[in-house]
Amino acid sequence: MSRTASKAPGAPAAPGSGLVSGDPNRWKALVFIALAQLMVVLDATIVNIALPSAQQDLGISDGNRQWVVTAYALAFGGLLLFGGRIADLWGRKRAFVVGLAGFAAASALGGAATTGAMMFGARALQGVFGALLAPAALSLLAVMFTDAKERAKAFGIYGAIAGGGGAVGFILGGVLTEYLDWRWTFFVNIPFAVVAAAGAYFVIREPEGGRNRSPLDIPGVLLSTLGLVSLVYGFTRAESDGWGDSLTVGLFVAAAVLLGAFVLTEAKVKAPLLPLRVVTDRNRGGVYLSLGLAIIAMFGTFLFLTYYLQIVKGYSPIKTGFAFLPMIAGMMTGSTQIGTRLMTRVPARLLMAPGFLVAALGMFLLTRLELGSSYASIVLPAMLLLGLGMGTAFMPAMSLATTGVEPRDAGVASAMVNTSQQVGGAIGTALLNTIAASATTAYIKDHIASASGRSQQQLVQLEGMVHGYTNAIWVAVGILVLAAVIVSVFVNAGRPDMGTVAGSGQGAEDEMPVPVVAH
C-alpha cells in the first residue's frame, strides 16, 4: 500500500486528513484526555483503600465484598471491545463525552449508596461507561497526534498517567478515607469528569472521515462480552474458591469456547467487531501480549506491597500511598524522559524489552523481602526500578499499539490495549494471590509446631505471609522476563525504522493507512 506524499508540518490538511501538526487545540485536548485517563486509573485502586470502611457502613458480608471490585472489572473488561467499536461508530469525541458523563453519574450513585446492592450496581455502571471512555481517549490521541516527535511526547504523558495513576489512587484513597469519608472516593470522580467532558466538548476537533459506519456485529459483541466476562470472573472465582472449583473450571471452559467462537465469527463476517488484521499484525500482537503479561506481574505486586507495608511494617493507608511515590517518579522519568526522547530514534523493541528487564530487576529485589527489611534498602530501589522500567516500556507500547491502524479501526485497536490491561490485571491478582496463599499455608504448617506461645505463633504467621509474597514475586519476575522475550521476538521485527513510522506521516493518517509490517 503506497503512502500519500508528506506535507510540511503545519500545512493545511486535505479534507478528511485529520488534525495536522499545526492544529492549536491538540495539546489542550491532551490535558482533558489525560485528566479522564487519570480518573479511570485512579478508580481502579482508590476504592480498594476505602473498601473496609464502605463494607462496614453498608453491612456487606465478607463473602460479598469482592463484588465491589469484581462488578467493575467484569463490566469494564467484558465491554471494552464493544466500547471501542461504538467509539468508531459514533465518533470518538461523542463516545468520550458520553462516557465521562455516565461515569460521573455512576460515581455519584456509588457515593450515595445505602445498600450493598446499590454499591455493586454503581460499580458495574462505572465499568460500563469506563469501557466506552477508555478506548475513545486512546484512539483520540492516535488520530490527533500524527507528527512522530509530538506523538512520542503525547503518548509519554499518557503512558506515565496510565502507569502511575494507580499508585496515586492509594495516596488519594488513604487521604479521603482517613480525613473525610469513604464516599469521597466516589464523589472525587465528579469534578474530574465534569472538567474533562466540558473541555473535550469545546476543544476537541475530531478528524473527519475516520468513522466506521459498518453495521454492528451483534454476534461478535455477544461472544466477546460473554467470553471476556467468563474469563475475568473465572480468575476472580479461582482466587476465592480455588482452581479446582467446579464453577471456576466451568467458567474457563466457557471462556475458551466463547472466545474461540468469537475468532471464527470475526474471520467470516463482513463487518467484524474486531477485524483480525488489528491483532494478527506481529507488532500489535506482540504489544498486546507483552502488555498483558507486564500488567499480570504489576497488579499482583501492587497488592503484595500494600499488604506488606500495612500489615507487616504497620504503615497507615496514607503512609502506604506515599511509599509508592518513588514508583510514580520512576514511571514519569521513564515515560517522559527516556521513552519520549528515544522513541523516534530507536526501534520500539529496544525500549520495551530493556524496560521490562529493568522492571524485572526491581521485582527481583522484592524477592529478598523479610520481616526486618528496611524500606530504604529494598522497597525504595525496587520501586524506582519498577517505575523506570515500566514507564520506558509502556510509552512506546501505547503508541505502537495504534500506529498504522486504519482510522476506522482506531477505537477497537485502542480497546485491545485496555482489554489486555484489564484481563491482565484480573489474571495477575488471582494467579499471584493464589500462589502466595498456598506458599503461606505450607510455611505456617511446617513451622507452627515449633512456635511456643502466642507471640511466636504470630511471628510465624507474619513470616509465612512474607514467604508467600516472595514466592509469588519470583513468578512475577519470570513473567516480566517472558514479556521481554516476546517483545524481542515479535515487536518491530524486520522494521528497524519503526520509530519514524510512529508519526503516521505528518497529517496524512486518515488519507492512506500505513501498514506496520509488510505481510
Side-chain angles (χ1 to χ4, degrees), residues 152 155-156 159-160 162-164 166 279 281-302 304-305 327 330-335 337-343 345-368 381-403 416-417 419-421 423-425 427-428 431-432 435 470-496 498-499 502 516-517:
F155 276 93
V279 289
D281 175 280
R282 66 185 299 163
N283 282 286
R284 281 193 293 277
V287 165
Y288 297 144
L289 188 55
S290 60
L291 264 185
L293 287 168
I295 294 293
I296 287 174
M298 283 291 286
F299 262 60
T301 307
F302 266 170
F304 298 143
L305 277 176
M327 188 183 292
M331 281 185 172
M332 294 294 287
T333 304
S335 196
Q337 298 305 308
I338 301 172
T340 299
R341 291 173 189 275
L342 295 180
M343 193 178 101
R345 300 177 189 178
V346 300
R349 70 169 178 268
L350 294 187
L351 288 173
M352 289 178 67
F356 287 140
L357 290 176
V358 168
L361 181 60
M363 206 73 87
F364 170 74
L365 284 181
L366 292 176
T367 64
R368 308 184 68 79
M383 283 194 173
L384 283 170
L385 288 169
L386 271 170
L388 198 64
M390 286 298 189
T392 302
F394 272 29
M395 201 280 297
M398 293 281 186
S399 178
L400 190 58
T402 52
T403 297
M416 277 301 299
V417 177
T419 300
S420 65
Q421 289 177 313
V423 173
I427 292 171
L431 177 66
L432 297 183
I435 292 166
T470 54
N471 266 263
I473 291 169
W474 269 114
V475 175
V477 172
I479 289 171
L480 282 172
V481 172
L482 178 60
V485 170
I486 286 170
V487 166
S488 301
V489 172
F490 289 101
V491 173
N492 218 14
R495 290 294 297 271
M498 189 63 217
V516 182
V517 166

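All residue numbers in this chain count up from 1 along the given sequence. Computed from heavy atoms alone, side chains included, the values below leave out hydrogens, waters and symmetry copies.
- Nearest heavy atom pair, residue Pro396 against residue Met352, reads CG-CG, 3.8 Å.
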(message) Run Leu384 and Thr333 through side-chain contact (heavy atoms from CB on, under 4.5 Å) and show every step you take.
(response) CA-CA 10 Å; Leu384 283 170; Thr333 304; over 6 Å; no

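- The distance from the CZ atom of Phe304 to the CD1 atom of Ile435 is 7.5 Å, given to the nearest 0.5 Å.
- Residue Asp281 holds its CG atom at 8.0 Å from CG of Leu400, rounded to the nearest 0.5 Å.
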(request) Take Phe356 and Ile479 through the test side-chain contact (heavy atoms from CB on, under 4.5 Å) and record every step on the way to the result. (result) CA-CA 10 Å; Phe356 287 140; Ile479 289 171; over 6 Å; no

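- A distance of 10.5 Å separates CE of Met327 from CG of Leu385, quoted to the nearest 0.5 Å.
- When all heavy atoms of Leu432 and Ala472 are compared, the closest pair comes out as O-CB, 3.4 Å.
- We find the CG-CE distance between Leu291 and Met298 to be 11.5 Å, quoted to the nearest 0.5 Å.
- Across all non-hydrogen atoms, the minimal contact from Tyr288 to Met416 is CZ-CB, 3.4 Å.
- Nearest approach of Ala353 to Ser488, heavy atoms of both residues: CB-OG, 3.7 Å.
- Residue Leu366 forms a side chain to side chain contact (heavy atoms under 4.5 Å, CB included) with just one option from Leu305, Thr470, Val477, and that option is Leu305.
- The CE atom of Met363 lies 12.0 Å from the CH2 atom of Trp474; values are rounded to the nearest 0.5 Å.
- Considering CZ of Arg349 and CD1 of Ile486, their distance stands at 15.0 Å, rounded to 0.5 Å.
- Val287 and Ala397 make their closest contact through CG1-O, 3.5 Å (heavy atoms, listed as atom of the first residue, atom of the second, distance).
- The two residues Val491 and Ala348 come nearest to each other via the heavy atoms CG1-CB, 4.4 Å.
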